[in-house]
A.B. asks: 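My questions all concern the structure below.
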Number of protein chains: 2
Amino acid sequence: MSLLVVGTVALDTVKTPFGEVEEVLGGSATYFSVAASYFTEVHLVTVIGEDFPAEYIRLLQRHHIDLKGLQREKGKTFRWKGQYDYDLNEAHTLDTQLNVLQTFKPQIPEEYRKIEYVFLANIDPDLQRDVLHQIERPKLVACDTMNFWIAGKPEALKRTLREVDILIINDAETRQLAQEPNIVKAARKILSWGPHTLIIKRGEYGVLMFKKNGGVEEWENGRREERENSPSSTSTSLFPNSSVFAAPAYPLESVFDPTGAGDSFAGGFMGYLSKVDRIDEASIRQAIIFGSTIASFNVEDFSLKRLDRLSEEEIITRFREFKTLVDFEHIG
Amino acid sequence: MSLLVVGTVALDTVKTPFGEVEEVLGGSATYFSVAASYFTEVHLVTVIGEDFPAEYIRLLQRHHIDLKGLQREKGKTFRWKGQYDYDLNEAHTLDTQLNVLQTFKPQIPEEYRKIEYVFLANIDPDLQRDVLHQIERPKLVACDTMNFWIAGKPEALKRTLREVDILIINDAETRQLAQEPNIVKAARKILSWGPHTLIIKRGEYGVLMFKKNGGVEEWENGRREERENSPSSTSTSLFPNSSVFAAPAYPLESVFDPTGAGDSFAGGFMGYLSKVDRIDEASIRQAIIFGSTIASFNVEDFSLKRLDRLSEEEIITRFREFKTLVDFEHIG
């Protein structure tokens, strides 16, 4: 199946303890698209300015990314400038120049309106919802967001979540969105707002997935039963009518630049689901491992340098290493 | 097989966002012993003062912990006072009164000298080594330590590590000990100092194990080969002649008090290895899951309250839940 992504393309200036780059290719939709291109046909809707380098267009084309939805507007391309310290877990934004992004209104080409796999990268939640209203109901909609929208437009974001199947955010965003420090309680709360699955990105600690099974009503009944049957809710099976999956990050000896890790995770994840055209739990778990695989390559170099030259063999080998990484023998 | 532990017994005063307790049973060897008692016969060597409550002796006896090595000295029992904030990841020590611990010299009873499984809980590295010199070479020696010894007695600690098979510490201690921010590089460095296995405790993010396979020489050759054969070391299999295992923490809806999580992890871990009397990698991986299982129960209540009333069925059920938590289907 094919996959639609709506998000940003940027020119990034990034400094890490290991080097720095200026005005290189970046942006959530860029990382997502190239990551997903290893699995499926990607259709990109985004905006660039008149100054966007031709070589970066060629990079996207090299990965067979369909650019019919690429809007080139008068003005300059969106720019982001950031820095990472030694712990590499947190990006410190030094400068943001929205430029053409300021007036971006995604226009979904007519031929994309029946696309069944859709990813709404981190943009204004009102624009995310507007995209969904331009297309028919897809088989699967996933979205990302960030602290800026959680703090600034919480109601708009919640309206968007009602129309989304999978929310992919980091752990700080999870706690902030739910206003709850415990991650399990936070996940339950967010799942009650619409998405059937929440995927929490935890950087070097991997990914945690919470998924409600059955219909919402069944799930709510399960929660009630659990509360009623257990004096101490801690000693029963934790997750009636829901599933939890924990995936580690691939332990890397050299993390060069974490920029785009989350977006390339989402790209590998959605790319794989779109490829196999299944959204059962087994496939979602595999997709999380493929997402983690692609993200682990991405951070090995600046910009999209590493993603640009991945091989299928490297991807498969690392997927298998993930299996070895977490495997243990069952008992009796 | 039976298991020897040398470490501290304490009276703890602990405050968490969910409540507080005063002068309750604590100490590294206490948590370790009760945790391990669900798997094997435990022999405890430690020191208490004249004021140590009889009810806590009875608690240890209830778990069939052999107290021949319990030294009761003139003076007061070791006391620790700490506090946790909402994130629960870090203990803030408010007060430490060493009392009888100040002059503690572990005396290993004659009949323990052939014990094959030994855990040296967090005490002065010189005392840890002194314990090893009082006994015959066991089949397996594991130890813990802390920032206080890493900073204060690094050379003594390194001498101890040369005689230890498995080091079990947390991630901050790993980085501090190796003086290296990258956890993979830090692990390699520490393994070159003696232990064949390093187990890194990461609190709510679970556990990471690094183990060198084959003899030390084989392992060093593997590292050399890896460096020579790959211009970019990042694209080959990460761990020639060594293994890495990642286990998540059990996602808990209510963490009450993290005190003793690390020690009860070690207790479950060593208890299981001693029970099965195998130290191959498959058993070590299972032992890590049992350790994580016991630790996840321990944090559900203050002091040893939860560990005191565990059932075998609860342990087995949670072990199985760990399998479900990390499982995904292999590809092709």
Side-chain angles (χ1 to χ4, degrees), chain A residues 17 86-88 181-185 187-188 202 204-206 208 210 232-239 243-256 282-283 285-286 288-290 296-297 300-301 306 311 314 316-332, chain B residues 17 86-88 181-185 187-188 202 204-206 208 210 232-239 243-256 282-286 288-290 297 300-301 306 311 314 316-332:
Chain A
Y86 264 101
D87 85 347
L88 292 169
N182 180 281
I183 207 86
V184 180
K185 284 183 186 157
R188 278 194 197 283
R202 306 194 288 179
E204 65 164 317
Y205 301 114
L208 206 51
F210 293 87
S232 148
S233 72
T234 52
S235 50
T236 57
S237 166
L238 244 189
F239 313 109
S243 305
V244 189
F245 176 54
Y250 189 77
L252 283 171
E253 205 151 352
S254 55
V255 177
F256 224 77
S283 305
R285 287 177 178 233
Q286 288 184 316
I288 286 172
I289 301 299
F290 275 113
S296 75
F297 284 115
E300 291 179 357
D301 209 334
R306 191 68 182 86
S311 75
E314 285 176 313
I316 297 292
T317 301
R318 194 160 285 186
F319 181 97
R320 295 208 166 113
E321 287 182 324
F322 265 99
K323 190 69 184 171
T324 311
L325 185 59
V326 305
D327 216 27
F328 62 91
E329 281 173 34
H330 227 317
I331 43 162
Chain B
Y86 264 101
D87 86 346
L88 292 170
N182 179 281
I183 207 86
V184 181
K185 285 184 186 157
R188 279 194 197 282
R202 305 194 288 180
E204 66 165 314
Y205 301 114
L208 206 52
F210 293 86
S232 147
S233 74
T234 52
S235 50
T236 57
S237 168
L238 242 190
F239 314 109
S243 305
V244 189
F245 176 55
Y250 189 76
L252 283 170
E253 204 151 352
S254 55
V255 176
F256 224 76
S283 304
I284 289 177
R285 287 178 178 232
Q286 288 184 316
I288 285 172
I289 300 300
F290 275 113
F297 284 116
E300 290 179 358
D301 208 335
R306 192 67 182 89
S311 74
E314 285 177 313
I316 297 292
T317 301
R318 194 160 285 185
F319 181 98
R320 294 208 166 111
E321 288 182 325
F322 265 98
K323 190 71 185 169
T324 311
L325 184 60
V326 304
D327 216 27
F328 63 90
E329 282 173 32
H330 227 317
I331 44 161

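Note: hydrogens, waters and symmetry copies are ignored here, and every other heavy atom, side chains too, is used. Sequence lines set the chain letters: A, B, ... in the order given, protein chains first and strands last, and positions in each chain run from 1.
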A.B. asks: Which one, B/Leu208, B/Asp301, B/Ile289, B/Leu88, leads in non-hydrogen pairs under 4.5 Å with chain A?
C.D. replies: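 Max contact count across the listed options: B/Ile289.
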
A.B. asks: Can you tell me which of A/Ala246, A/Ala282, A/Ala247 forms the most heavy-atom pairs within a distance under 4.5 Å of chain B?
C.D. replies: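 Winner by heavy-atom pair count: A/Ala246.
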
A.B. asks: Considering non-hydrogen atoms only, spot the tightest contact between A/Gln286 and B/His330 and give its length.
C.D. replies: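 Of all heavy-atom pairs spanning A/Gln286 and B/His330, the closest is NE2-O, 3.4 Å.
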
A.B. asks: Check B/Arg285 against A/Asp327 and note the closest heavy-atom contact, atom names and distance.
C.D. replies: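 Closest approach of B/Arg285 to A/Asp327: NH1-O, 2.7 Å.
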
A.B. asks: Do B/Ile183 and A/Glu253 have side-chain heavy atoms sitting under 4.5 Å apart?
C.D. replies: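 Sidechains of A/Glu253 and B/Ile183: no contact.
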
A.B. asks: Minimum heavy-atom separation for A/Phe245 and B/Val326, please, with both atom names.
C.D. replies: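 Scanning both residues, the minimum pair turns out to be CE1-O, 3.4 Å.
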
A.B. asks: Indicate, with yes or no, if the rings of B/Phe290 and A/Phe328 have centres closer together than 6.0 Å.
C.D. replies: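 Judged by ring-centre distance (under 6.0 Å), B/Phe290 and A/Phe328 do not meet the cut-off.
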
A.B. asks: So which atom in B/Pro251 and which in A/Val244 form the shortest heavy-atom distance, rounded to 0.1 Å?
C.D. replies: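 Scanning both residues completely, I find the closest heavy atoms to be CG-CG1, 4.0 Å.
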
A.B. asks: Looking at every heavy atom in both B/Tyr205 and A/Arg202, which two are closest together, and how far apart are they?
C.D. replies: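 So the two residues come closest at CD2-NH1, 3.6 Å.
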
A.B. asks: Could you list the residues that satisfy salt bridge (Lys or Arg N to Asp or Glu O under 4.0 Å) with A/Lys185, not counting sequence neighbours?
C.D. replies: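 Expected list: none.
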
A.B. asks: Given a strict heavy-atom distance threshold of 4.5 Å, which part of B/Phe256 is in contact with chain A: side chain, backbone, both, or neither?
C.D. replies: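 For B/Phe256, there is no contact with chain A at all, as no heavy atom is under 4.5 Å.
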
A.B. asks: Can you give me the closest heavy-atom contact between A/Leu252 and B/Asn182, atom names plus distance?
C.D. replies: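 For A/Leu252 and B/Asn182, the tightest heavy-atom pair comes out as O-ND2, 2.9 Å.
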
